Protein chains: 2
Amino acid sequence: MRTVLAMGRPRAFDEDEVVRAAVGLFGGRAYDGVSVDDLVTHLGVHRNSLYKTFGSKRGLYLIALRRHLADDVRPLLDALADAKDAEGALRLVTSADLRLLLLAAIERSPVDEEVAFEVTSALDSVDRAIADALGVPTDVATALTAAALGILLRGNPDKVATALTRHLGPLTRKGT
Amino acid sequence: MRTVLAMGRPRAFDEDEVVRAAVGLFGGRAYDGVSVDDLVTHLGVHRNSLYKTFGSKRGLYLIALRRHLADDVRPLLDALADAKDAEGALRLVTSADLRLLLLAAIERSPVDEEVAFEVTSALDSVDRAIADALGVPTDVATALTAAALGILLRGNPDKVATALTRHLGPLTRKGT
DNA sequence: GAAATAAAGGAACGATCGTTCTTGACTGAT
DNA sequence: ATCAGTCAAGAACGATCGTTCCTTTATTTC
(Lines give C-alpha, C1' and ligand atoms only; values in the text may rest on other atoms or scores of the structure.)
Protein backbone atom coordinates (compact mmCIF):
# COMPACT_ATOMS: atom_id res chain seq x y z
CA MET A 1 0.00 0.00 0.00
CA ARG A 2 1.56 3.29 -1.03
CA THR A 3 0.04 6.68 -0.87
CA VAL A 4 -0.74 8.22 -4.25
CA LEU A 5 0.37 11.81 -4.16
CA ALA A 6 -0.41 12.73 -7.76
CA MET A 7 -2.10 10.96 -10.62
CA GLY A 8 -0.38 12.45 -13.64
CA ARG A 9 -1.67 12.97 -17.12
CA PRO A 10 -4.14 10.31 -18.26
CA ARG A 11 -3.37 8.02 -21.18
CA ALA A 12 -4.51 9.01 -24.62
CA PHE A 13 -4.48 5.39 -25.83
CA ASP A 14 -6.39 2.24 -24.93
CA GLU A 15 -3.92 -0.44 -23.91
CA ASP A 16 -6.28 -3.21 -24.97
CA GLU A 17 -6.79 -1.70 -28.39
CA VAL A 18 -3.05 -1.31 -28.83
CA VAL A 19 -2.41 -4.96 -28.01
CA ARG A 20 -5.21 -6.10 -30.31
CA ALA A 21 -3.78 -3.99 -33.13
CA ALA A 22 -0.35 -5.47 -32.42
CA VAL A 23 -1.85 -8.95 -32.81
CA GLY A 24 -3.03 -7.90 -36.25
CA LEU A 25 0.30 -6.42 -37.29
CA PHE A 26 2.44 -9.28 -35.98
CA GLY A 27 -0.01 -11.75 -37.51
CA GLY A 28 0.44 -10.15 -40.91
CA ARG A 29 4.19 -10.23 -41.40
CA ALA A 30 7.33 -11.64 -39.84
CA TYR A 31 8.56 -10.23 -36.53
CA ASP A 32 11.57 -8.55 -38.14
CA GLY A 33 9.29 -7.21 -40.86
CA VAL A 34 7.35 -5.13 -38.32
CA SER A 35 9.37 -2.12 -37.22
CA VAL A 36 8.80 -0.03 -34.14
CA ASP A 37 7.92 2.79 -36.52
CA ASP A 38 5.17 0.57 -37.94
CA LEU A 39 3.88 -0.09 -34.45
CA VAL A 40 3.94 3.57 -33.47
CA THR A 41 2.23 4.57 -36.72
CA HIS A 42 -0.52 1.95 -36.75
CA LEU A 43 -1.18 1.42 -33.06
CA GLY A 44 -1.96 4.94 -31.95
CA VAL A 45 0.67 4.79 -29.26
CA HIS A 46 3.83 6.85 -29.09
CA ARG A 47 7.34 5.53 -28.74
CA ASN A 48 7.72 6.55 -25.16
CA SER A 49 4.43 5.03 -24.05
CA LEU A 50 5.20 1.84 -25.96
CA TYR A 51 8.46 1.35 -24.10
CA LYS A 52 7.04 2.55 -20.80
CA THR A 53 4.06 0.21 -21.05
CA PHE A 54 5.47 -2.87 -22.74
CA GLY A 55 9.20 -2.63 -22.11
CA SER A 56 10.42 -3.41 -25.60
CA LYS A 57 9.32 -4.52 -29.03
CA ARG A 58 9.77 -8.13 -27.99
CA GLY A 59 7.83 -7.44 -24.80
CA LEU A 60 4.89 -6.13 -26.81
CA TYR A 61 5.18 -9.13 -29.11
CA LEU A 62 4.96 -11.57 -26.22
CA ILE A 63 1.99 -9.73 -24.74
CA ALA A 64 0.29 -9.70 -28.14
CA LEU A 65 0.96 -13.41 -28.55
CA ARG A 66 -0.56 -14.20 -25.15
CA ARG A 67 -3.50 -11.98 -25.96
CA HIS A 68 -3.95 -13.86 -29.23
CA LEU A 69 -3.98 -17.12 -27.30
CA ALA A 70 -6.51 -15.77 -24.80
CA ASP A 71 -8.78 -14.13 -27.39
CA ASP A 72 -8.58 -16.55 -30.29
CA VAL A 73 -7.29 -19.92 -29.08
CA ARG A 74 -9.11 -20.19 -25.79
CA PRO A 75 -12.58 -19.79 -27.38
CA LEU A 76 -11.52 -22.42 -29.91
CA LEU A 77 -10.72 -24.81 -27.06
CA ASP A 78 -14.14 -24.23 -25.55
CA ALA A 79 -15.84 -24.81 -28.90
CA LEU A 80 -13.81 -27.97 -29.49
CA ALA A 81 -15.21 -29.47 -26.30
CA ASP A 82 -18.52 -29.88 -28.13
CA ALA A 83 -17.07 -31.33 -31.32
CA LYS A 84 -18.84 -34.53 -32.36
CA ASP A 85 -16.38 -35.87 -34.92
CA ALA A 86 -13.11 -35.15 -36.71
CA GLU A 87 -14.88 -33.17 -39.39
CA GLY A 88 -16.39 -30.86 -36.83
CA ALA A 89 -13.08 -30.43 -35.02
CA LEU A 90 -11.23 -29.69 -38.24
CA ARG A 91 -13.85 -27.15 -39.25
CA LEU A 92 -13.53 -25.37 -35.94
CA VAL A 93 -9.75 -25.15 -36.12
CA THR A 94 -9.58 -24.18 -39.78
CA SER A 95 -12.16 -21.44 -39.38
CA ALA A 96 -10.33 -19.82 -36.48
CA ASP A 97 -7.96 -16.89 -36.95
CA LEU A 98 -4.62 -18.42 -35.99
CA ARG A 99 -2.29 -16.34 -38.15
CA LEU A 100 -0.13 -15.05 -35.33
CA LEU A 101 0.13 -18.50 -33.75
CA LEU A 102 1.12 -19.98 -37.10
CA LEU A 103 3.72 -17.30 -37.75
CA ALA A 104 5.05 -17.58 -34.22
CA ALA A 105 5.36 -21.34 -34.58
CA ILE A 106 7.32 -21.25 -37.79
CA GLU A 107 9.51 -18.20 -37.54
CA ARG A 108 9.88 -17.16 -33.88
CA SER A 109 9.87 -20.45 -32.00
CA PRO A 110 13.25 -21.50 -33.43
CA VAL A 111 14.91 -18.32 -32.15
CA ASP A 112 12.90 -17.38 -29.04
CA GLU A 113 12.37 -20.08 -26.47
CA GLU A 114 9.77 -18.12 -24.55
CA VAL A 115 7.71 -17.91 -27.73
CA ALA A 116 8.38 -21.59 -28.34
CA PHE A 117 6.96 -22.41 -24.93
CA GLU A 118 3.76 -20.46 -25.53
CA VAL A 119 3.31 -21.98 -28.96
CA THR A 120 3.97 -25.53 -27.82
CA SER A 121 1.59 -25.37 -24.91
CA ALA A 122 -1.10 -23.74 -27.04
CA LEU A 123 -0.86 -26.44 -29.68
CA ASP A 124 -0.76 -29.11 -27.00
CA SER A 125 -3.95 -27.71 -25.50
CA VAL A 126 -5.62 -27.94 -28.91
CA ASP A 127 -4.47 -31.54 -29.14
CA ARG A 128 -5.92 -32.30 -25.73
CA ALA A 129 -9.22 -30.61 -26.49
CA ILE A 130 -9.62 -32.70 -29.62
CA ALA A 131 -8.56 -35.91 -27.92
CA ASP A 132 -10.99 -35.31 -25.04
CA ALA A 133 -13.91 -34.37 -27.26
CA LEU A 134 -13.52 -37.18 -29.78
CA GLY A 135 -12.15 -39.83 -27.48
CA VAL A 136 -9.21 -40.54 -29.78
CA PRO A 137 -5.57 -41.22 -28.81
CA THR A 138 -3.42 -38.15 -28.36
CA ASP A 139 -1.25 -38.89 -31.37
CA VAL A 140 -4.33 -38.95 -33.58
CA ALA A 141 -5.43 -35.63 -32.10
CA THR A 142 -1.96 -34.23 -32.77
CA ALA A 143 -2.23 -35.38 -36.36
CA LEU A 144 -5.63 -33.73 -36.71
CA THR A 145 -4.26 -30.47 -35.35
CA ALA A 146 -1.34 -30.71 -37.74
CA ALA A 147 -3.67 -31.27 -40.66
CA ALA A 148 -5.74 -28.26 -39.67
CA LEU A 149 -2.62 -26.07 -39.42
CA GLY A 150 -1.50 -27.20 -42.85
CA ILE A 151 -4.87 -26.27 -44.25
CA LEU A 152 -4.65 -22.82 -42.67
CA LEU A 153 -1.17 -22.45 -44.10
CA ARG A 154 -2.33 -23.04 -47.65
CA GLY A 155 -5.19 -20.59 -47.62
CA ASN A 156 -8.67 -21.42 -48.98
CA PRO A 157 -9.32 -23.33 -45.75
CA ASP A 158 -13.00 -24.00 -46.49
CA LYS A 159 -12.57 -25.77 -49.80
CA VAL A 160 -9.65 -27.89 -48.67
CA ALA A 161 -11.08 -28.74 -45.28
CA THR A 162 -14.21 -30.02 -46.96
CA ALA A 163 -12.24 -32.47 -49.07
CA LEU A 164 -10.18 -33.72 -46.15
CA THR A 165 -13.03 -34.15 -43.73
CA ARG A 166 -15.17 -35.84 -46.34
CA HIS A 167 -12.74 -38.71 -46.08
CA LEU A 168 -11.44 -38.36 -42.58
CA GLY A 169 -14.62 -37.55 -40.73
CA PRO A 170 -16.41 -40.90 -40.71
CA LEU A 171 -13.34 -42.69 -39.38
CA THR A 172 -13.22 -40.91 -36.10
CA ARG A 173 -16.89 -40.28 -35.47
CA LYS A 174 -17.64 -40.49 -31.82
CA GLY A 175 -18.87 -43.87 -30.69
CA THR A 176 -18.13 -45.90 -33.85
CA MET B 1 30.53 -13.50 -80.33
CA ARG B 2 33.07 -11.35 -78.63
CA THR B 3 36.77 -11.93 -78.40
CA VAL B 4 38.04 -12.74 -74.93
CA LEU B 5 41.14 -10.72 -74.34
CA ALA B 6 41.80 -11.69 -70.73
CA MET B 7 40.22 -14.12 -68.29
CA GLY B 8 40.80 -12.43 -64.96
CA ARG B 9 41.32 -13.93 -61.55
CA PRO B 10 39.48 -17.22 -61.02
CA ARG B 11 36.82 -17.63 -58.36
CA ALA B 12 37.83 -18.84 -54.94
CA PHE B 13 34.32 -20.07 -54.17
CA ASP B 14 32.01 -22.71 -55.61
CA GLU B 15 28.79 -21.05 -56.73
CA ASP B 16 26.81 -24.25 -56.23
CA GLU B 17 28.11 -24.67 -52.70
CA VAL B 18 27.25 -21.08 -51.89
CA VAL B 19 23.68 -21.49 -53.10
CA ARG B 20 23.28 -24.75 -51.19
CA ALA B 21 24.57 -23.09 -48.03
CA ALA B 22 22.14 -20.22 -48.62
CA VAL B 23 19.31 -22.74 -48.78
CA GLY B 24 20.37 -23.95 -45.36
CA LEU B 25 20.60 -20.47 -43.86
CA PHE B 26 17.34 -19.17 -45.32
CA GLY B 27 15.65 -22.42 -44.33
CA GLY B 28 16.70 -21.92 -40.73
CA ARG B 29 15.39 -18.45 -39.93
CA ALA B 30 13.22 -15.73 -41.38
CA TYR B 31 14.46 -13.75 -44.37
CA ASP B 32 14.95 -10.59 -42.34
CA GLY B 33 16.69 -12.66 -39.68
CA VAL B 34 19.49 -13.57 -42.10
CA SER B 35 21.79 -10.59 -42.64
CA VAL B 36 24.23 -10.12 -45.49
CA ASP B 37 26.95 -10.38 -42.86
CA ASP B 38 25.61 -13.82 -41.96
CA LEU B 39 25.70 -14.84 -45.61
CA VAL B 40 29.23 -13.54 -46.11
CA THR B 41 30.43 -15.26 -42.94
CA HIS B 42 28.81 -18.67 -43.44
CA LEU B 43 28.84 -18.99 -47.21
CA GLY B 44 32.51 -18.55 -47.96
CA VAL B 45 31.80 -15.75 -50.39
CA HIS B 46 32.71 -12.13 -49.97
CA ARG B 47 30.41 -9.17 -50.24
CA ASN B 48 31.62 -8.08 -53.63
CA SER B 49 31.33 -11.51 -55.19
CA LEU B 50 27.92 -11.99 -53.65
CA TYR B 51 26.57 -8.85 -55.26
CA LYS B 52 28.45 -9.44 -58.51
CA THR B 53 27.14 -13.00 -58.80
CA PHE B 54 23.63 -12.79 -57.37
CA GLY B 55 22.75 -9.12 -57.68
CA SER B 56 21.32 -8.62 -54.21
CA LYS B 57 20.29 -10.39 -51.04
CA ARG B 58 16.84 -10.95 -52.48
CA GLY B 59 18.40 -12.21 -55.73
CA LEU B 60 20.37 -14.81 -53.81
CA TYR B 61 17.23 -15.73 -51.88
CA LEU B 62 15.25 -16.35 -55.06
CA ILE B 63 18.07 -18.41 -56.55
CA ALA B 64 18.33 -20.41 -53.33
CA LEU B 65 14.57 -20.96 -53.30
CA ARG B 66 14.61 -22.24 -56.88
CA ARG B 67 17.55 -24.44 -56.07
CA HIS B 68 15.63 -25.81 -53.10
CA LEU B 69 12.73 -26.62 -55.42
CA ALA B 70 15.04 -28.31 -57.92
CA ASP B 71 17.07 -30.25 -55.36
CA ASP B 72 14.45 -31.14 -52.77
CA VAL B 73 10.97 -30.79 -54.25
CA ARG B 74 11.60 -32.22 -57.70
CA PRO B 75 12.91 -35.55 -56.36
CA LEU B 76 9.88 -35.66 -54.10
CA LEU B 77 7.61 -35.31 -57.13
CA ASP B 78 9.37 -38.17 -58.85
CA ALA B 79 9.06 -40.35 -55.77
CA LEU B 80 5.39 -39.47 -55.39
CA ALA B 81 4.69 -40.86 -58.85
CA ASP B 82 5.21 -44.33 -57.38
CA ALA B 83 3.10 -43.79 -54.27
CA LYS B 84 0.54 -46.55 -53.79
CA ASP B 85 -1.74 -44.96 -51.22
CA ALA B 86 -2.25 -41.87 -49.08
CA GLU B 87 -0.07 -43.26 -46.33
CA GLY B 88 2.84 -43.66 -48.71
CA ALA B 89 2.36 -40.20 -50.17
CA LEU B 90 2.17 -38.61 -46.73
CA ARG B 91 5.31 -40.42 -45.66
CA LEU B 92 7.19 -39.17 -48.67
CA VAL B 93 6.18 -35.56 -48.14
CA THR B 94 6.71 -35.54 -44.39
CA SER B 95 10.17 -37.08 -44.68
CA ALA B 96 11.37 -34.50 -47.20
CA ASP B 97 13.35 -31.43 -46.16
CA LEU B 98 10.93 -28.63 -47.01
CA ARG B 99 11.98 -26.07 -44.45
CA LEU B 100 12.76 -23.28 -46.90
CA LEU B 101 9.56 -23.90 -48.85
CA LEU B 102 7.55 -23.81 -45.64
CA LEU B 103 9.20 -20.62 -44.44
CA ALA B 104 8.83 -19.02 -47.87
CA ALA B 105 5.16 -19.93 -47.94
CA ILE B 106 4.33 -18.43 -44.59
CA GLU B 107 6.55 -15.38 -44.28
CA ARG B 108 7.72 -14.30 -47.76
CA SER B 109 4.79 -15.09 -50.01
CA PRO B 110 2.62 -12.39 -48.45
CA VAL B 111 5.21 -9.69 -49.20
CA ASP B 112 7.02 -10.95 -52.32
CA GLU B 113 4.87 -11.97 -55.23
CA GLU B 114 7.73 -13.61 -57.10
CA VAL B 115 8.27 -15.86 -54.09
CA ALA B 116 4.53 -16.42 -53.89
CA PHE B 117 4.50 -17.59 -57.51
CA GLU B 118 7.31 -20.11 -56.92
CA VAL B 119 5.70 -21.39 -53.74
CA THR B 120 2.25 -21.71 -55.26
CA SER B 121 3.41 -23.59 -58.32
CA ALA B 122 5.60 -25.87 -56.21
CA LEU B 123 2.72 -26.77 -53.91
CA ASP B 124 0.42 -27.18 -56.89
CA SER B 125 2.88 -29.61 -58.45
CA VAL B 126 2.89 -31.65 -55.25
CA ASP B 127 -0.90 -31.69 -55.37
CA ARG B 128 -0.87 -32.89 -58.96
CA ALA B 129 1.72 -35.57 -58.28
CA ILE B 130 -0.41 -36.97 -55.47
CA ALA B 131 -3.62 -36.74 -57.47
CA ASP B 132 -2.04 -38.50 -60.44
CA ALA B 133 -0.41 -41.23 -58.38
CA LEU B 134 -3.42 -42.02 -56.21
CA GLY B 135 -6.16 -41.25 -58.69
CA VAL B 136 -7.96 -38.98 -56.25
CA PRO B 137 -9.68 -35.63 -56.96
CA THR B 138 -7.42 -32.61 -56.85
CA ASP B 139 -9.06 -31.14 -53.78
CA VAL B 140 -8.36 -34.34 -51.86
CA ALA B 141 -4.74 -34.19 -53.01
CA THR B 142 -4.57 -30.56 -51.87
CA ALA B 143 -5.90 -31.60 -48.50
CA LEU B 144 -3.29 -34.35 -48.24
CA THR B 145 -0.52 -31.90 -49.07
CA ALA B 146 -1.89 -29.50 -46.48
CA ALA B 147 -1.93 -32.22 -43.86
CA ALA B 148 1.67 -33.13 -44.66
CA LEU B 149 2.77 -29.50 -44.37
CA GLY B 150 1.05 -29.21 -41.03
CA ILE B 151 2.87 -32.27 -39.82
CA LEU B 152 6.20 -30.83 -40.95
CA LEU B 153 5.32 -27.61 -39.18
CA ARG B 154 4.81 -29.31 -35.84
CA GLY B 155 8.04 -31.28 -35.82
CA ASN B 156 8.22 -34.98 -34.90
CA PRO B 157 6.89 -35.81 -38.36
CA ASP B 158 7.38 -39.56 -38.05
CA LYS B 159 5.28 -40.12 -34.98
CA VAL B 160 2.46 -37.87 -36.07
CA ALA B 161 2.38 -39.07 -39.65
CA THR B 162 2.00 -42.61 -38.43
CA ALA B 163 -1.10 -41.73 -36.47
CA LEU B 164 -2.69 -39.81 -39.30
CA THR B 165 -1.99 -42.34 -42.01
CA ARG B 166 -3.18 -45.20 -39.85
CA HIS B 167 -6.62 -43.70 -40.23
CA LEU B 168 -6.38 -41.96 -43.53
CA GLY B 169 -4.44 -44.52 -45.56
CA PRO B 170 -7.05 -47.19 -46.16
CA LEU B 171 -9.56 -44.64 -47.45
CA THR B 172 -7.57 -43.62 -50.44
CA ARG B 173 -5.79 -46.81 -51.30
CA LYS B 174 -5.38 -47.14 -55.02
CA GLY B 175 -8.08 -49.13 -56.73
CA THR B 176 -10.52 -49.38 -53.84
C1' DG C 1 57.05 -8.64 -69.43
C1' DA C 2 52.68 -5.50 -70.46
C1' DA C 3 47.93 -4.87 -70.90
C1' DA C 4 43.37 -6.38 -69.81
C1' DT C 5 40.06 -8.51 -66.97
C1' DA C 6 37.87 -10.34 -62.87
C1' DA C 7 37.71 -11.53 -58.14
C1' DA C 8 39.28 -10.78 -53.17
C1' DG C 9 39.51 -7.86 -49.42
C1' DG C 10 37.85 -4.22 -46.72
C1' DA C 11 36.51 0.40 -45.82
C1' DA C 12 32.63 3.25 -46.23
C1' DC C 13 27.92 4.79 -47.70
C1' DG C 14 23.14 6.42 -46.44
C1' DA C 15 19.09 4.35 -44.45
C1' DT C 16 16.81 2.14 -41.01
C1' DC C 17 16.84 -0.59 -36.84
C1' DG C 18 15.43 -0.71 -31.63
C1' DT C 19 16.02 2.22 -27.88
C1' DT C 20 16.69 6.38 -24.93
C1' DC C 21 16.71 11.35 -23.78
C1' DT C 22 14.80 15.91 -23.52
C1' DT C 23 11.25 19.07 -23.36
C1' DG C 24 6.69 20.56 -22.63
C1' DA C 25 1.59 19.60 -21.72
C1' DC C 26 -1.78 17.94 -18.74
C1' DT C 27 -3.78 16.10 -14.31
C1' DG C 28 -4.93 15.42 -9.26
C1' DA C 29 -3.80 16.43 -4.59
C1' DT C 30 -2.08 19.82 -1.35
C1' DA D 1 -1.38 28.42 -7.04
C1' DT D 2 1.98 25.04 -6.47
C1' DC D 3 3.94 20.75 -6.70
C1' DA D 4 4.58 15.99 -7.99
C1' DG D 5 3.89 12.66 -11.31
C1' DT D 6 2.59 10.79 -15.87
C1' DC D 7 2.12 11.08 -20.63
C1' DA D 8 2.83 13.11 -25.42
C1' DA D 9 5.86 14.68 -28.83
C1' DG D 10 9.79 14.26 -31.30
C1' DA D 11 14.80 14.70 -31.62
C1' DA D 12 18.69 11.88 -31.19
C1' DC D 13 21.55 7.73 -29.97
C1' DG D 14 24.67 3.89 -31.37
C1' DA D 15 24.21 -0.33 -33.90
C1' DT D 16 23.15 -2.73 -37.77
C1' DC D 17 20.94 -3.03 -42.25
C1' DG D 18 21.75 -3.76 -47.52
C1' DT D 19 24.68 -1.87 -50.82
C1' DT D 20 28.66 0.41 -53.22
C1' DC D 21 33.34 2.03 -53.92
C1' DC D 22 38.34 1.48 -53.96
C1' DT D 23 42.56 -0.89 -53.84
C1' DT D 24 45.11 -5.12 -54.28
C1' DT D 25 45.89 -9.69 -56.08
C1' DA D 26 45.56 -13.25 -59.42
C1' DT D 27 45.06 -14.91 -64.04
C1' DT D 28 45.04 -14.99 -69.30
C1' DT D 29 46.23 -13.02 -73.82
C1' DC D 30 49.36 -10.43 -76.43
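Letters go in sequence order (proteins before strands), and every chain restarts at 1. If you're wondering where the values come from, they're calculated on a predicted model, not measured in any experiment.
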Is the shortest side-chain N to carboxylate O distance from A:D16 to A:R67 below 4.0 Å?
yes
Do the side chain of B:N48 and the base of D:dT19 come within less than 3.5 angstrom through a donor-acceptor pair of N or O atoms?
no
How many Å lie between [atom1] on [X] and [atom2] on [N], as a whole number?
X: A:Y51; N: D:dA12; atom1: OH; atom2: C1'; result: 14 Å
X: A:F54; N: C:dG18; atom1: CZ; atom2: P; result: 16 Å
X: B:F13; N: C:dA6; atom1: CZ; atom2: P; result: 14 Å
X: A:K52; N: C:dT20; atom1: NZ; atom2: P; result: 12 Å
X: A:R47; N: C:dC21; atom1: CZ; atom2: P; result: 15 Å
X: A:L60; N: C:dT19; atom1: CG; atom2: C1'; result: 14 Å
X: B:L39; N: D:dG18; atom1: CG; atom2: C1'; result: 11 Å
X: B:H46; N: D:dT23; atom1: NE2; atom2: C1'; result: 15 Å

Tell me which of B:L50 and A:V34 sits closer to the 5' end of DNA chain C, going by the nucleotide each one is nearest to.
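The answer here is B:L50.
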Salt bridge (Lys or Arg N to Asp or Glu O under 4.0 Å) contacts in which one or both residues fall within residues 39-48 of chain A, not counting sequence neighbours:
A:D37-A:R47
Looking at the side chain of A:K57, which of C:dG18, D:dT20, C:dC17 is the nearest nucleotide?
C:dG18
Consider the side chain of A:S35, meaning its heavy atoms from C-beta on, and name the nucleotide among C:dC17, D:dC7, D:dT20 that approaches it most closely.
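For the A:S35 side chain, the nearest candidate turns out to be C:dC17.
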Contact class for B:D32 vs. all strands (heavy atom < 4.0 Å): base, sugar-phosphate, or nothing?
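B:D32: no heavy atom of the nucleic acid under 4.0 Å.
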Is it true that A:H42 and A:D38 share a donor-acceptor pair across their side chains at a distance under 3.5 Å?
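Per modelled atom types, A:D38 and A:H42 side chains form no pair under 3.5 Å.
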Please verify the inter-ring angle class for B:Y31 with B:F26; under 30° counts as parallel, over 60° as perpendicular, anything in between as tilted.
parallel
